[in-house]
Amino acid sequence: MIALELATFCVLFGAFAFTRLRHLELFRTSQQSLDVSAGALNTALLLSASWAVARAVHATRDNTRGAALGWLGAGWLLGAGFVVFKLREYADKAAQGIGMGDGNLFFDFYYILTGFHLLHVLAGLLALGLTAIGLARQRGRLQAHTLETAGAFWHLVDLLWLVLFPLVYVMR
Amino acid sequence: MKHRHLILDLAWLAMLAATAVTWALGRGGWVARAQLAGMAVVFALAWLKGLVVILEFMELRHAPALWRRALIGALTLVVLLILLAYGLSLR
């Protein structure tokens with residue numbers, strides 16, 4: 001699944017980069033309207049969420065339930081913070097009258113790339129939440145396998161954003 | 001045990017620092033002025049962050065080489081494709 005997700009996003013990133021070639025002025029002008037600070041803040045949130053989930057995996061292997069749930073909760077909250085800031089960004093764009101399918105190819109790509117990625121963040125949050133419930137209910141020595149799988153998906157979501165951020169927000 | 005935690009903590013701090021550098025370069029307008037060199041620096045930082053996520057967070061450093069190579073290869077390929085497209089846009 002990870003390979004398929006990665007391949008899909010690679011195609012989308014490549015399509016963005018090569019479509020930009022043919023609509024250079026539109027992409028340059030439109031990209032300048034995006035807030036680099038908001039993109040960087042969201043990068044920091046996702047990186048921190050990934051770090052917390054990685055620490056939760058270690059704590060689970062160490063059989064420290066409290067620490068594992070604490071790290072997992074922190075990772076979930078940081079990921080939820082990403083969603084809040086992303087939705088605020090969409091609201092700002094909507095208030096400026098910038099939507100999808102409004103004839104601006106850059107913003108069509110912007111909504112497809114960031115929206116598809118946001119769906120993955122939401123799926124990751126669901127997986128992490130269910131994993132936390134499972135961990136809290138486990139009896140005996142903690143098993144890390146489910147968390148390792150959910151964590152791998154979550155890190156992939158982080159990895160994709162690490163390319164998306166400079167491509168969509170920083171490129172000039 | 002502490003050693004394993006320390007690697008994760010240092011990796012996280014290094015990636016936050018790299019993000020801050022990208023933010024400063026992008027916000028300060030240097031990326032736009034430096035053009036291909038600017039994008040090369042920004043995507044080199046993104047590639048390094050991706051490498052750290054793959055090796056340390058996904059723990060593929062200790063996984064079968066096929067998985068590690070596939071992910072690092074895909075990351076490298078997409079970064080090079082983006083830089084190629086950017087380079088072509090400057091012609």
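This one's a predicted model, so the numbers in the text were calculated from it and none came from an experiment. Each chain gets a letter, A, B and so on, in the order the sequences are listed, and its residues count up from 1.
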Query raised in the report: Where on A:Leu156 is there a heavy atom nearer than 4.5 Å to chain B: the side chain, the backbone, both, or neither?
Result: both
Query raised in the report: Any chain of hydrophobic side-chain contacts (each under 4.5 Å) joining A:Leu77 to A:Val121?
Result: yes
Query raised in the report: What is the distance from atom CD1 of B:Ile82 to atom CZ of A:Phe16, rounded to the nearest 0.5 Å?
Result: 9.0 Å
Query raised in the report: Between B:Trp12 and A:Leu47, which heavy-atom pair has the shortest distance, and what is it?
Result: CD1-O, 3.8 Å
Query - Linked, directly or transitively: A:Val11 and A:Phe18 (ILVMFWY side chains, under 4.5 Å) - result: no
Query raised in the report: Taking ILVMFWY side chains as joined if any heavy atoms are under 4.5 angstrom apart, and letting links pass through other members, which residues group with A:Leu130?
Result: A:Leu126
Query - Distance-minimising heavy-atom pair for A:Ser48 and B:Leu16 - result: OG-CD2, 4.1 Å
Requested in this report: Report the C-alpha distance between B:Met15 and A:Thr43 in whole Å, list the side-chain angles of each, state the deciding distance to 0.1 Å, and finish with yes or no for side-chain contact (heavy atoms from CB on, under 4.5 Å).
Outcome: CA-CA 10 Å; B:Met15 289 193 288; A:Thr43 308; over 6 Å; no
Query raised in the report: For B:Leu77, is it the side chain, the backbone, both, or neither that has a heavy atom closer than 4.5 Å to a heavy atom of chain A?
Result: neither
**Report entry** Value rounded to 0.5 Å, distance of CG in B:Leu81 from SG in A:Cys10
**Finding:** 8.5 Å
Report summary line: Scored by heavy-atom pairs under 4.5 Å with chain B, the best of A:Gly39, A:Ala59, A:Ser37, A:Gly151 is A:Ser37
Requested in this report: May I ask whether A:Leu4 and A:Phe153 are part of the same hydrophobic cluster, defined by side-chain heavy atoms of I, L, V, M, F, W, Y residues being less than 4.5 angstrom apart, directly or through others?
Outcome: no
Query raised in the report: OG1 of B:Thr22 to OH of A:Tyr169: how many Å apart, nearest 0.5 Å?
Result: 14.5 Å
Query raised in the report: Relative to chain A, which segment of B:Glu56 carries a heavy atom at a distance below 4.5 Å: side chain, backbone, both, or neither?
Result: neither
Query raised in the report: Is it the case that more than 12 heavy atoms not belonging to B:Arg27 sit under 6.0 Å from its CZ atom?
Result: no
Report task. Tell me, for B:Leu80 versus chain A, whether the close heavy atoms (under 4.5 Å) come from the side chain, the backbone, both or neither. Result -> neither
**Report entry** Portion of A:Leu162 that has a non-hydrogen atom of chain B nearer than 4.5 angstrom
**Finding:** both
**Report entry** For the student: nearest non-hydrogen atoms of B:Ala32 and A:Arg172, plus distance
**Finding:** CB-CB, 3.7 Å
Query - In one Ile/Leu/Val/Met/Phe/Trp/Tyr side-chain cluster, 4.5 Å: A:Val157, A:Phe116 - result: yes
**Report entry** Which atoms of A:Arg20 approach chain B - backbone, side chain, both or neither, heavy atom under 4.5 Å
**Finding:** side chain
Report task. Measure the CH2-CG distance between B:Trp23 and A:Leu41 for me, rounded to the nearest 0.5 Å. Result -> 11.0 Å
Report summary line: So, the part of A:Arg22 with a heavy atom under 4.5 Å from chain B: the answer is neither
Report summary line: The interface call for B:Leu60 against chain A, heavy-atom contacts under 4.5 Å, is neither
Query - Option that, when pairs with chain A are counted at under 4.5 Å, heavy atom only, ranks first among B:Asp9, B:Val79, B:Ile54, B:Leu45 - result: B:Asp9
Query - Among the listed options B:Leu75, B:Val78, B:Val52, B:Val42, the residue most often paired with chain A at heavy-atom distances under 4.5 Å - result: B:Val78
Query raised in the report: Rounded to the nearest 0.5 Å, how far does CE of A:Met171 lie from CZ of B:Phe43?
Result: 4.5 Å
Query - Joint hydrophobic cluster, B:Val21 plus B:Val53, side-chain heavy atoms closer than 4.5 Å - result: yes
Report task. State the CG-CG distance between B:Leu88 and A:Leu21, to the nearest 0.5 angstrom. Result -> 5.5 Å
**Report entry** Heavy atoms of other groups near A:Tyr90 OH, more than 12 under 6.0 Å
**Finding:** yes
**Report entry** Region of A:Leu24 that comes under 4.5 Å of a non-hydrogen atom in chain B
**Finding:** side chain
Query raised in the report: In terms of heavy-atom proximity below 4.5 Å to chain B, should A:Ala44 be classed as side chain, backbone, both, or neither?
Result: both
**Report entry** Under 4.5 Å from any heavy atom of chain A - which part of B:Phe57
**Finding:** both
